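First up is the structure itself, then whatever we jot down about it.
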Amino acid sequence: MASWVISIAFLLLIAALVLSFIRLVQGPSLPDRVIALELIALITTAFILVYAVAVDVPAFIDVALVLALTGFMAAIGFARFLERGGNPK
Amino acid sequence: MLIAVLSGFILAAASPWLARSVGDRAGWLLAALPAALFVYFLGFLPTVNESGAQVIHYPWIPDLDVNFSFLVDGLSLLFALLISGIGTFIIIYAGGYLHGHPHLPRFYAIMFAFMASMLGLVLSNNLITLFVFWELTSVTSYLLMGFNHEDKNARWCALQGLLVTVAGGLALMAGLIMIGVAAGSFELHEILADDDVLREHPWYVGMLILVLIGSFAKSAQVPLHFWLPNAMVAPTPVSAFLHSATMVKAGVYLLARFNPGLGGTDAWLYTLGIVGALTMFTGSFMALRSTGIKAVLAYTTVMALGTLVMLIGIGTEGAIIAAMAFLLAHALYKASLFMLAGALDHETGTKDILKMGGLRQLMPITFLASCVAALSLAGLPPLFGFIAKELMFEATVGAPGLAFFTTVLAVVSAMMVAGMAAVFAIRPFTGKLKETPKKPHEAPPSMLAGPVVLATLGLLFGLMGFIPASGIVQSAVGAVYGSPIEVELYLWHGINLPLMLSILAIAGGVALFLRWEQVLDFYRERLGFIDRFGAERGYEKWYDGVVWLAEWQTRVLQSGYLRTYLTITVLTTVVLTGWTFFGHTNSAVTLGSMDMHFYEVAIAGVVVVGAIAASVTSSRIGAAATLGMVGFGVAMIYVLFSAPDLGITQIMIETLTVILLVLVLFRLPGFLNLSKPADRVRDAAVAFSLGTLMTVLILAVNGVTVTDPISLQLAEWSYTEAQGRNIVNVILVDFRALDTLGELFVIGLAAVGVYAMIRLRAEDKQR
Amino acid sequence: MNTVVAILILIGAGFIFIGGLGAYRMPDMMLRMHATTKAGALGGGLVAIAVGLYFADPAYLVRTIAILVFVVLTAPVAAHAIARAGYFTGVPFWEKTLKDELREKLDTKGHHIYSGLESNGDVETRRED
Amino acid sequence: MTPMGSLILRTTARLLLPLLILFSVFILLRGHDEPGGGFIAGLVVSVAFALYLFAFDVARTRELMGADPRFLLGLGLLIATLSGVPQIFFGQAFFTGLWLPIDVPGLGEVKLSTPLVFDIGVYLVVLGAVMTIVLALAEAEE
């Protein structure tokens, strides 16, 4: 597997991570932060998958699978928090 | 032998049931055990007299060098006979004295437990077992002192007695361990075999002081004597048994036992001599001014203990003989006097001597027995007490170095005690019959058996001195002195200085008795100030000080704010680990060359920035979201270090944290009052210090490889033994299943705890 | 085979990057959501397929397909949930927003959304707010 | 009736729940050889029920779970402890692994073992504990 492909992929993912992190910290409202958190979960899944390819260890696919399954729970939780009248500040 | 000693405990367990089923005659029936023990120990007498000490060995905890080994020699046999003999009469006496008391069965149980622990103490050969029994006597004495626990004063005095004796016990334990280590063995017969090993040892002074503190606390020597008169709150059988004949003598026994090993030096002579003499004087001095019959007897006991300690301190042949004779004499007459006092109190309903009079016709036998016992207390011929007093004077006169000091104090104390003996024997019984709360009549036979027998023994031993001499006193003196000595006990020593001193003492006594009222008034006017500076005030100040310290410490540490607890915990960790790490280990912290890929650095950077953002953000729910991100970052780091199991766990924990936070934060307000800048700086500093410490530690640990990591073996075993390739799970579930079981219970407990708290909050919201 | 995997990974990563860029640059919540959900889900899915192809073993292929399915399934649902919560708690929109058809059809108190096609019975209950 | 999640969320939850539970049992059973194990599986299934709780309400979740979470907690502890007991009859130390290979027609040779039983205990404890806390908090919210 050409290493430059992996490096570029990692670079793109890290860039996306940094951008969504800025949104997470800056995000004026809570939903903005949650959206950023969702994207970070996705980035982490992709990162782990690419890393699995990079070090040629298929075992990490399970980690990505679990993350894909449960990553979105944060959004559901925060949504319930807001709908129930939680205080966004 | 082991069964003999422990039989007390067994009967203690059975006695409540026994007492209830047998009813009134329980006293006589239960007394069978101590009587049997008395006969059993008598059996040892012939062998001990010929062949000296005998060691009987039962292993208990062999590899800790702690075992039930028993040393039966003259000294321990003398005590064992006293305990079991007087114990028999005390149990019978208690049957009468506490007749119909609802808690009588429980009383019997504790009494037997005490008797067994006392027997264990005097007979044990192993220092640790001796200490165990020593503490047991303190505990049982506490239970007995606080027997009528409704009375607040009884509880206070019982606690006082416990604290003093147990504090002494602590010092004693340290001393015993030092002795055991210094002598290389915890077996007494080995320690005392070669005399000088302890004396020459560098720790000698330390050992001596610690053992002395323990013994002085237990035997109520001067600074620590105040708890004994207060112990009179206990029912009279307890006072008669514990606080006169046996328990308070444990300290004296210990000093006598260690005399061959620790004694013989100037430090031993002067400390014991002076403290003993002072206690003797204080005891008799305070006896003179008290009017309660039990208080008088308590102070005379303090005087007797002082005399014994002084005599052992002097350490000459004569002194040791005097000590053993005095010990036997005191046990006899003091136990009977206490029982008689109990009879008086039981019949007349009052303890005050001034309120009693003319009981001669109504209580003839009590009068007769108390006369005989009081004569022995005063030390008049032909009683055994006289022989003991004569020997005492001989010893003090011949005392090296302290002769004058001890003799003067001895004579003055003898004078005062003779006076009090006369007051005790004559005043309540003569004169016209005074009005007393209860209609007095002769005490029941069970309460008279003990005093009559013990008093006549005192008379018998006095007339025929050779019985006690050849029987027990000679081998006891041999055990204490270290080498066998010839002992004769006879009344007439010829005209000599001790006889003169005795006559002087008795004359003084009679004078004091005749003008007793004036003496009392003199005390009240001039010497009232003593009460303000007595040792007890010291104890109370110490007690209040401890209580104040506890309150202050709770106020400071338990402030109720989570952040205070956190700061305290963090700072303690940082200070302790930091000091040990930087102070002692000199391992240089090397930032070894780590081949790090750019993405690892990037992820670490994002995680760090995220953590800072989470701590700085002003919105609580925002912090929760940022923490979510930090969690995912850490999960990535786990994957980078090829730990899939940890990665999954981290992700799951991350998700659950968010879920729980969402459920909890629902009710928490936003950050109401952001802390002041000063607090934030302080908190930042605390956090920063912990952070740096942990980083440095981890780097240092990385550098040092002490042994090859255990993971190598575990990996190898993982498949061979546990047939599993996933080492993490194999460890969790198979190798260290017990730890995981522990963790499961913790998880379960936490869940139930949360459920309970929420349930409580919901209920009191409804109310 | 490897080239296909490489291309797919690069495209996938590219989409995720675009998702991130969108999250950063988009003016308000709703628009950001478009970017992150659609681009993100697609990017993640592509990477999953690529990894599945890379490890030819069917067991892993099944798992990567499962990842694809779950990512594509959960991302929109999550976005829906958070958008709905945001809308009801009155998160401000971008000032240039032209249309908001939901406002008339919405019963803000009960959080019920009506398509306007229900029979009259239901409509009355909605009108009283 | 407490407000429930939106229709979309409810249908997703109904769809995802069985998949997640299946996945958690899968992780539990293969825990010995590949990444997995009682603890992680327990967490996965707890998240699944939490999702169901967020989509519906407490009453339905309790109904769906069948047994009260505290009962599961207790059961898990019991199973975990008992999994160590049989060894005593074989004269081995507490918690030594006992293996009983049996061949199941469909899957070929399956190794039943006490660590697996212990793992199931762990699974139930984690599930019971997390759900006790989550349901208690959710109930207190209403």
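Chain letters run A, B, ... following the sequence lines, proteins first, then strands; residues in each count from 1. Just so it is clear, the values below take in all heavy atoms, side chains as well, and ignore hydrogens, waters and symmetry mates. Nothing here was measured: the structure is a model prediction, and the numbers come from that model.
- For A:Ser20 (side chain) and A:Ala16 (main-chain N/O), a donor-acceptor pair under 3.5 Å exists by modelled atom type.
- Contacts of B:Ala613 with chain A are made by side-chain atoms alone, with heavy-atom separations under 4.5 Å and no backbone atom involved.
- When B:Gly605, B:Ser642, B:Gly647 are compared by the number of non-hydrogen pairs under 4.5 Å with chain A, B:Ser642 comes out ahead.
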For residues 71-78 of chain A, which side-chain donor-acceptor pairs fall under 3.5 Å, sequence neighbours excluded?
none

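- Contacts of B:Leu656 with chain A are absent, with no heavy-atom separation under 4.5 Å from either backbone or side chain.
- By the 30° and 60° cut-offs, the orientation of the rings of B:Tyr599 relative to A:Phe10 is tilted.
- Among residue pairs with one or both ends in residues 49-73 of chain A, those qualifying as salt bridge (charged side-chain N to carboxylate O under 4.0 Å, His left out) are A:Asp62-C:Arg63, A:Asp62-D:Arg30; sequence neighbours excluded.
- Contact annotation for B:Tyr638: neither backbone nor side-chain heavy atoms come within less than 4.5 Å of a heavy atom of chain A.
- Interface residue A:Leu17: only side-chain heavy atoms are found under 4.5 Å from chain B.
- Looking only at distances, no side-chain donor or acceptor of B:Thr626 sits under 3.5 Å from a matching main-chain atom of B:Gly610.
- Only the side chain of B:Thr655 comes within contact range of chain A, with at least one heavy atom under 4.5 Å from a heavy atom of that chain.
- Without hydrogens or angle criteria, B:Asp683 side chain to B:Arg680 main chain gives no donor-acceptor distance under 3.5 Å.
- Both the backbone and the side chain of A:Leu11 come within contact range of chain B, with heavy atoms under 4.5 Å apart.
- With chain A as partner, the option from B:Ile603, B:Leu640, B:Val606 having the largest number of non-hydrogen pairs under 4.5 angstrom is B:Leu640.
- Residue A:Val63 touches chain B through both its backbone and its side chain, counting heavy-atom pairs closer than 4.5 Å.
- Put simply, of A:Ile43, A:Val55, A:Leu30, A:Val25, the one with the most heavy-atom pairs under 4.5 Å next to chain B is A:Leu30.
- The candidate from B:Val616, B:Ile659, B:Val609, B:Asp645 with the greatest count of non-hydrogen atom pairs under 4.5 Å with chain A is B:Val609.
- Separating the CG atom in B:Leu646 from the CD1 atom in B:Ile637 is a distance of 12.5 Å, to the nearest 0.5 Å.
- A donor-acceptor pair under 3.5 Å links the side-chain atoms of B:Ser615 to the main chain of B:Ile612, judged by distance alone.
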